[in-house]
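Below, chain A is the first sequence line, B the second, and so on; all start at residue 1.
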There are 2 protein chains.
Amino acid sequence: MARVTQQDIAKVMGVSVMTVSNAFNRPDQLSPDLRTRVLERAAKMGYTGPDAIARQLRSGRTNTFAVAFEEKLSYAFSDPFSVAWLAAFSEVMEKHRASIMLLSVPAGDHEALAAVQDAAVDGIAGLCGNQPAMIRARERGMPTVYCTLATREDAEGTGDYVVIDDHAAGLEMAGHLRRLGHERVFLLVETPYRGQPRMVEYRPEDFRALVDAHAGYLFSDDLRLAGLVEGLHGLEVTIVPVGTNSRAAGNAAGTLVLDRTDRPSAVVAVSDVMALGFMDACAQRGLEPGLDVSVAGFDGLPEAADAGLTTIRQPVRDKGRLAAELLLDPSLPDRRIILPHELIVRRSTRPVG
Amino acid sequence: MARVTQQDIAKVMGVSVMTVSNAFNRPDQLSPDLRTRVLERAAKMGYTGPDAIARQLRSGRTNTFAVAFEEKLSYAFSDPFSVAWLAAFSEVMEKHRASIMLLSVPAGDHEALAAVQDAAVDGIAGLCGNQPAMIRARERGMPTVYCTLATREDAEGTGDYVVIDDHAAGLEMAGHLRRLGHERVFLLVETPYRGQPRMVEYRPEDFRALVDAHAGYLFSDDLRLAGLVEGLHGLEVTIVPVGTNSRAAGNAAGTLVLDRTDRPSAVVAVSDVMALGFMDACAQRGLEPGLDVSVAGFDGLPEAADAGLTTIRQPVRDKGRLAAELLLDPSLPDRRIILPHELIVRRSTRPVG
DNA sequence: ATGGTGTTCTTTATCGTTACAGAGAACAAG
DNA sequence: CTTGTTCTCTGTAACGATAAAGAACACCAT
C-alpha cells in the first residue's frame, strides 16, 4: 500500500494531474464543481494533501530557517542569553509563518557538520560568526546572519550580521575599572572548543598567540577580549580560559582566582553567566563582590540586575528580531547592523581600597 | 547566474550525472582519479554539494523531526517543563544525528496549522495529544508521539504516546488531601485555548459540562483533573480556570482565592508552575503555604523541591527521551508507554487545623 | 580461445509536484 | 459569420538528485 499521489487521483478520475494540483492550490483554475469532486475523491482515497518535499523542490523554497548552536541543544535551552535571543527570533519567524530548525554543531564534531549540508532551509542564523556551522553555511552559499563578531575577519566575510561593537564595549569596561583604580585584573573567557586549555593563567600576549595559532577557532569573544586587554594595557592582566560559557564554569574559576594569597582586585568575565557563577563562588567563601573583589560581566541579563552585577548591556532581543528579519527579507538594504550597547555600573564594582 | 547542479558539472566534464553524484556519495563506484577531478571541478564551478531537498525527495526521508507546541515558542522556552522535555528529546535526536524543527500552532490559529502540512519531517512529537497540530499530523498519516493524554479519547486514537497515568495521579493527590482532613478545595486548571472563560469559579459538574461542550479542546489536563475531582468527591470542590499555564497565571489566581473571607483550606494546581505562582501570591500576602493554606502541584520540577511544594513527580526527561526514540525507530514494539509517577509530600501540604 | 570476475562508467526511470504554454469550447461583440 | 475573449482543462517539461541495471573493457584462470 504505497502512498497516494496526485497522479493516482488523476488516473482514477480521468483528469490531468495538473487539475488535481490546481484543485488544491489554485481554485480559480478549474470549475468549482470539478474542484469539489476532486477534493472529495482525494479524501476518499486517503490523499493527505500535496507533499511538502516535492513542493519544496519545485519552488526552491522551504520557508524554514535554521538556527545553529555550537553546543548541545540542552545548553541552548538553559543559557539565558540564548533563550532570550531565540525567543525574539522565533517571535518574528512565527509572525511570518516560517518554521525554525535547530541545528547543533558542537565544535570539533565533524560529523555533525553534515547537518548543515543536509538542512533543507532558506537561511541560517547563529549566535557566533566563526562557528564551523556558519562557515560551512556560507560556503554553501546559504544566506546567513550571525549575532556576534568573534574576530575581525568575520566582519570582512560574506555573511550578514547584527552585532554590537564588542571591541568598544571591552574598552569601556576596561576604562571603568581603570577609573576605579584597579591594577590587577583577571579576565575569565570561554573556550567552548574541545581539547583547549582550561583553567590555566595566561599573560595576554601568550593567550593572543594561542588564539592566533587556532585561527580564531579557539573561542567566540575575541573582539570583546581584545578591547578589554587593550583598555587595560599597562596593568597586570591575567587571562583564564574557563571552558564552556556557564554559571558552573564561572563558579569553578573561583577556585583558581579566589583561593590564593595574591587575589586580583577585579575580575571581568566576558559573559554575565560566568560572572554570576563567579559571584556564587564569592558568596560560598563569604566574600562580597565590590568590597572584597570587584566583578563585572557582559550581556546585561535580568539576573545581573538582581545580583547587582556591573555589566555591558546589549540588546539581545533586537539581535534576535533583526536576525530573523534579515533572513526573511533578503531585500532589506542594511544587512550589517551594529547596535548600541551600554555600560551599567552596579555595586559589584567599586573603587580599590 | 543560476545555481550550479550536478548536471552542469557532468556536461562540462563530459561524464554522466551519475558519476558526479557518485563522486559525492559513493566513492567506491568510480576511480579515485576521476573522483578527485570531479570534486575539484565541482569546487571550481562553485558547486556546494548535493541539494538537500532533491535528495530528500528521492529518498523520501528528511531525517528531521518536528516538535509541535500549542503556544508561542517563547512560551516553550520559558516553561520549565517544556524546556526539560525538549532538552531530553533533543539529546536523543542529536545522538542520532537527526534535526529538530519547531512548530508553533497556537490554538485557534487556523493558518498556523498549515505549517504541519508544509513541514518536511519524518515525524512529529508534542506535549499534548489533543492539540490541533497533532490531530492534523495524524490525519496526514505522519508518525506521531505525544506525552500527555488529555482525554480518554486520545488513548484510543492512532498515535503513539509516552505518558503517565494522570487519572491515577489525580486520585492519589486527592487521597493525600483527604487524609489531611481538607474539606474545602480549590483546583486551578489551565485553559490554554483562546476565548475560554478565565478566573471564574465552577462546580465540578458545571466545568465538566463546559469541557464536554468544547469536545475536549478546552484544556489539556482533563484526565488529571478528572482524577482529582473523582478523588475529592463528597468534599466542597471549586474549579478555577486560570488561562495559560504559567507562574503569572497562578499568581493571579491568588487574588481570586486568597482575598476572600471563606478561603479554601487547600489549593491544587494541575501544574507546578501554577502552584509556584500561587505560592508567590501567598508570600505577597504574608501567608504561609501549609499553615495558612495547603498548596500542591503536579510535575515535580526542581523549583518545586526548593519551594517545599507537595507535588506529583513525573519523569519528564524519560518522556522526552522515549518520545524521540519512538520517532527514530518505528520498529520498536512498545509504542504506548505509561511511565510511573510519584506523590512527593513536602511542607506545603499539612493537616487541617 | 573461453568464460568468469571485477572495475568503471552510463542509461533509464523515478521521487511528487507545479510552471508554462497551449487547446478546445462557449460566448459576446462587431 | 467572423473575430476575439474568457473559461476549463491538458500535456510537457522541469526541480536536482539517486537506485538499479546495463555496457564496455581489462584481467585472470582454465
Side-chain angles (χ1 to χ4, degrees), chain A residues 1-39 41-42 45-63 114 117-122 140-142, chain B residues 1-39 41-42 45-63 114 117-122 140-142:
Chain A
M1 48 166 283
R3 179 155 55 140
V4 184
T5 69
Q6 293 185 353
Q7 192 137 222
D8 301 326
I9 301 168
K11 203 173 296 172
V12 169
M13 295 191 68
V15 298
S16 79
V17 198
M18 216 39 237
T19 299
V20 180
S21 174
N22 284 333
F24 283 93
N25 304 308
R26 300 172 59 177
D28 58 310
Q29 294 292 304
L30 74 175
S31 66
D33 173 56
L34 179 55
R35 182 171 128 93
T36 39
R37 276 192 294 127
V38 169
L39 294 183
R41 186 54 144 284
M45 292 176 67
Y47 181 68
T48 52
D51 179 77
I53 303 174
R55 201 204 281 247
Q56 288 176 4
L57 178 61
R58 210 33 258 241
S59 71
R61 296 186 7 87
T62 63
N63 203 31
Q117 182 73 38
D118 294 340
V121 296
D122 296 340
R140 242 191 94 178
M142 192 179 266
Chain B
M1 48 166 286
R3 181 158 48 144
V4 185
T5 70
Q6 292 185 351
Q7 192 136 223
D8 301 327
I9 302 168
K11 204 173 295 172
V12 168
M13 294 192 68
V15 298
S16 78
V17 197
M18 210 45 231
T19 299
V20 180
S21 174
N22 284 333
F24 283 92
N25 304 308
R26 301 170 60 177
D28 57 310
Q29 293 294 304
L30 74 174
S31 67
D33 172 57
L34 179 55
R35 181 171 131 95
T36 41
R37 279 190 295 127
V38 170
L39 294 183
R41 185 55 143 280
M45 292 176 67
Y47 181 70
T48 52
D51 179 76
I53 303 173
R55 203 202 282 243
Q56 288 176 5
L57 177 61
R58 211 30 259 242
S59 71
R61 299 189 359 92
T62 63
N63 203 30
Q117 182 73 39
D118 294 340
V121 296
D122 296 340
R140 243 190 93 179
M142 192 178 269

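- Regarding B/L57, its CG atom lies at a distance of 13 Å from the C1' atom of D/dA19, rounded to whole Å.
- The closest donor-acceptor contact from the side chain of A/R140 to the backbone of A/Q117 lies under 3.5 Å.
- With DNA chain C read from its 5' end, the first of the two nearest nucleotides for A/S21 and B/A54 is the one closest to B/A54.
- Look at B/N25 and you'll find a side-chain N or O under 4.0 angstrom from OP1 or OP2 of D/dT18.
- When all heavy atoms of A/I9 and A/A42 are compared, the closest pair comes out as CD1-CB, 3.6 Å.
- With contacts defined as side-chain heavy-atom distances shorter than 4.5 Å, the pair A/R55/B/D118 qualifies.
- Looking at heavy-atom distances under 4.0 Å, B/I53 makes no contact with the nucleic acid at all.
- When heavy atoms are screened at a 4.0 angstrom cut-off, A/F24 is found touching no nucleic acid atom at all.
- No side-chain heavy atom of B/R35 sits less than 4.5 Å from a side-chain heavy atom of B/V38.
- Within the 4.0 angstrom heavy-atom criterion, base atoms lie near A/Q29.
- The phosphate of D/dT10 has OP1 or OP2 within less than 4.0 Å of a side-chain N or O from A/S16.
- Spacing between atom CE of B/M18 and atom C1' of C/dC15 amounts to 14 Å, rounded to whole angstrom units.
- One atom, CG of B/N22, and another, P of D/dA19, lie 8 Å apart when rounded to the nearest Å.
- Rounded to an integer number of Å, the gap from B/R140 CZ to C/dG16 C1' is 12 Å.
- Annotation: side chain of B/V20 is not in contact with side chain of B/M13 (no heavy-atom distance under 4.5 Å).
- One finds a side-chain N or O of A/S31 lying less than 4.0 angstrom from the OP1 or OP2 phosphate oxygen of D/dC9.
- In this entry the distance linking CG of A/D28 with P of C/dT18 reads 14 Å, nearest Å.
- Remark on DNA chain C: of its neighbouring residues A/V20 and B/P32, the 5'-side contact belongs to B/P32, judged by nearest-heavy-atom nucleotide.
- Going from atom NZ of B/K11 over to atom P of D/dA17 covers 13 Å, rounded to whole Å.
- When all heavy atoms of B/A120 and A/I53 are compared, the closest pair comes out as CB-CG1, 3.7 Å.
- Following rounding to the nearest Å, A/D51 (CG) and C/dT14 (P) show an atom-to-atom distance of 18 Å.
- In this structure, the side chains of A/Y47 and A/Q6 come closer than 4.5 Å at one or more pairs of heavy atoms.
- Within the nucleic acid shown, A/L30 comes within 4.0 Å of sugar-phosphate atoms alone, with no base atom in reach, counting heavy atoms only.
- The side chain of A/R26 places an N or O atom within less than 4.0 Å of a non-bridging phosphate oxygen (OP1 or OP2) of C/dA19.
- Five base pairs at each end of the helix from C/dA1-D/dT30 to C/dG30-D/dC1 define two local axes, and these are offset by 50° (rounded to 10°).
- Base contact: A/T19 has a heavy atom under 4.0 Å from a base atom.
- Counting heavy atoms from C-beta outward, A/T19 and A/N22 have side chains that stay 4.5 Å or more apart.
- The distance from atom CZ of B/R55 to atom C1' of C/dG16 is 19 Å, rounded to the nearest whole Å.
- In terms of polar N and O atoms assigned as donor or acceptor, the side chain of A/R58 never comes within less than 3.5 Å of the base of C/dT17 in a complementary pairing.
- Using a 4.0 Å cut-off, some side-chain N or O of B/Q6 falls inside it from OP1 or OP2 of D/dT18.
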